[in-house]
Structures are given as C-alpha cells and as structure tokens.
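Chain letters run A, B, ... following the sequence lines, proteins first and then strands; every chain starts at 1.
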Protein chains: 4
Amino acid sequence: MSSTARGASSQIAESLKHRVTDGVYAPGTKLPSESALCAEFGVTRNTMRRALSALEKAGLVVTIPGTGRTVRDPDGPTRPSPP
Amino acid sequence: MSSTARGASSQIAESLKHRVTDGVYAPGTKLPSESALCAEFGVTRNTMRRALSALEKAGLVVTIPGTGRTVRDPDGPTRPSPP
Amino acid sequence: MSSTARGASSQIAESLKHRVTDGVYAPGTKLPSESALCAEFGVTRNTMRRALSALEKAGLVVTIPGTGRTVRDPDGPTRPSPP
Amino acid sequence: MSSTARGASSQIAESLKHRVTDGVYAPGTKLPSESALCAEFGVTRNTMRRALSALEKAGLVVTIPGTGRTVRDPDGPTRPSPP
DNA sequence: GTGGTCTAGACCACT
DNA sequence: GTGGTCTAGACCACG
C-alpha cells in the first residue's frame, strides 16, 4: 500500500506525477483527455479531475478549457527568474 | 427535399417534435440523452443541441441541467399564458 | 433472548444473513443502502456498518465503494476454489 | 443577475460570504452542516462543498473533519503579531 | 470534442 | 452525525 495517500484520486495523482517526472508525458506535449485517462484508470471523471487538479496545483500541467492539458516546461517562459 | 426546413438541426428538430406530438415521447417522461440522440441521428452535439433548443423554445420540453430533458405536459401547471 | 448473539450489531447481522439465506435478498441484487437499513432497524450507522461487515466477512455480500453492497452468488465466477 | 460569477456554487459562495461579512454567521460560531445548507439552497452536496471550499480558500472559515466548519475570527489566534 | 459544472446518491473515516 | 471521497451520468461553454 502507499503510505502517503489514501483514496483513488490521490494515488492516481501520484502515478501521473511520476509520468511527468519520468518524461512519459514530455514537457510541451498534451496529456491524454480526461475521458481517456478515466478509461485507463477505471475511474469516473469526477475522480480523475480531482487527480488532475493536484497536478495543476503542483505546477506540473496547465489546463486550457476546450483544448486540454499540457505538460509545463520547467525551463519555459512562465518560470520567473532562475539564478 | 423537405419543404419546411433545410439545415440538419432543423430537420432533426422536426423529427423530435413529431415524436412529442405523436406521443412517442410522452409528457412527463425524459428524452434520451444528448449522447444517445447524437448516436441515433449521426450528428455532433452542437447540431443536436441546436435541435433540442428549438424544442425548448417551442415549449415542448424543459431542460434540467445535470439531469436531462423532460417532455412538458401541455395541460400542466407550468403553462404560462393560454389565450 | 437470542442464543447465538448478544450485541445489537450481531443480532442485526443474523437477521440480514437469514434474508440472504432465505432469498429475501437474492444473489446479484443490491442490498438496501446503509441509511435505509439504519432507518429500518432503528440503529446508528456505526452499528449497522458493524453488522454489514459481518456479512462481508462471511462472504455473503461484496461492497463496492460509492455504489453499494451486492449479494454474492455462491455459484458465481468470484468463488475462489471449488472442488 | 450577478456579473462576476456563473454557476450555482459560485453564487452560493457569494451568498455565504455575505453572511459572514454581515455577521449572520458570527466569528467563532459553527456554520450549519453541509446537509442543512444543501436543503436551504436546494443543491447537492457536491455543489455545496464547492461553494464552501471557496469560503475556506478565502480564509473565512476553517474546516474540522468529523466536526464541522467554524467562522474564523479575523482578530483571532491565527493573526501573526498584533500590537 | 475538450474541459467545466451539476444532479443524485452511495460508502468511508473520524469525532 | 460530521466532513471526505467515490460512482454514474447528465447538460453547458468554448475552441
């Protein structure tokens, strides 16, 4: 069992974060749609949206209504001022 | 060609109106979902929603967000102003 | 008094087991919700959940979070090791 | 119509914020339960919880799982270093 | 055809 | 008996 999160959405969020970290979802590319992810993980949209909200709150993805979600480039234009 | 409507949504609207008129969709019952109707008529949601808007504008159905559409009872309590 | 159980939850568990055994709750059908059963037996959720846990531990029902409880088919595909 | 928010939960959030601002819900007192507010506003728990999340995000209330929500005292102990 | 919001109702964990 | 999370499915607004 995971020792840090309880509930489906939290565990899914962890999985998705790893995919971004590991480059499975590369910066600048689009994530699969909510529907596709729901089908893959076998959960409802409500649950998946909760997981994706965590990714967005963590700054890993950006959401564009009507279009989809894109993996943020950590060296991209939204980063304010690296040393 | 039809003599009363030319766009796809208008023709679908006419079909659906007949179904209400003919009692295929009885007063007080729910219409099939947008998805189901899209599949049946082979059109996109945008088109179907335009058709359904016509039904609502004509006072044949009422739309309940998050629930669906219901056929209005023409003798029901919600009729605003009969002549 | 009952001769097999003494706590409220145990007595309720016995009642529910009989309902499954007697086919009042048929295999494959859903049990009433926790709320409904609480109302019927006049107990709190904690008590009822303890009773239902006994049913699940006895392999009579399966619990599906967010959906409800279903009576297990003793001859169904989920049976682990028939002779 | 409101000019700043669209959707039931946003409008309910505004109403509840006013109640806190106007002292209808006084600092240190408990808010009505989710169920009670759902009944009053005629929405589902999902929708009400979205509205209440907005109050919490705005720092107007604190949520204690298993207990309820309490109106934050703006001069209370969480305020850092008053004169 | 995406994400955004809502309905309706369930079980779960903790107080 | 509260808040927390989940299932299942609908309609809505925008691109």
* To do: Start with the C-alpha gap between C:Leu31 and C:Leu52, add the side-chain angles, then the distance that decides, and say whether side chain to side chain contact (heavy atoms under 4.5 Å, CB included) holds.
  => CA-CA 10 Å; C:Leu31 255 60; C:Leu52 290 167; 3.8 Å; yes
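- Summary of the strand contacts: A:Pro65 and B:Thr63 both lie near DNA chain F, and taking for each the nucleotide with the nearest heavy atom, the more 5' one is attributed to B:Thr63.
- Between B:Arg50 and F:dC12 there is no side-chain polar atom (N or O) within less than 4.0 angstrom of OP1 or OP2.
- Across all strands shown, the partner of E:dC14 is F:dG1, judged by Watson-Crick or G-U wobble contacts whose two distances both fall under 3.5 Å.
- Using a distance-only test at 3.5 Å, with no hydrogens or angles considered, a donor-acceptor pair links the side chain of C:Lys30 to the main chain of C:Thr67.
- Not a single donor-acceptor pair under 3.5 Å links the side chain of B:Thr29 to the backbone N or O of B:Tyr25.
- Across all their heavy atoms, D:Pro32 and D:Leu37 have their closest contact at O-CD1, 3.7 Å.
- Within residues 37-49 of chain C, the residues approached by DNA chain E to less than 4.0 Å at the level of any non-hydrogen atom are C:Asn46, C:Arg49, in residue-number order.
- Along DNA chain E, the nucleotide nearest to A:Gly68 and the one nearest to C:Ile64 differ in position, and the one closer to the 5' end is contacted by A:Gly68.
- In summary, the side chains of B:Ser35 and B:Arg45 do present a donor paired with an acceptor at a separation below 3.5 Å, with no hydrogens or angles considered.
- Of the N and O atoms on the side chains of B:Ser9 and B:Arg49, not one donor lies less than 3.5 Å from an acceptor on the other residue.
- Between B:Gly66 and B:Arg69, the residue anchored closer to the 5' end of DNA chain F is B:Gly66, taking for each the nucleotide with the nearest heavy atom.
- With a cutoff of under 4.0 Å to any heavy atom of chain A, the contacted region of DNA chain E is bounded 5' to 3' by E:dG1 to E:dA13.
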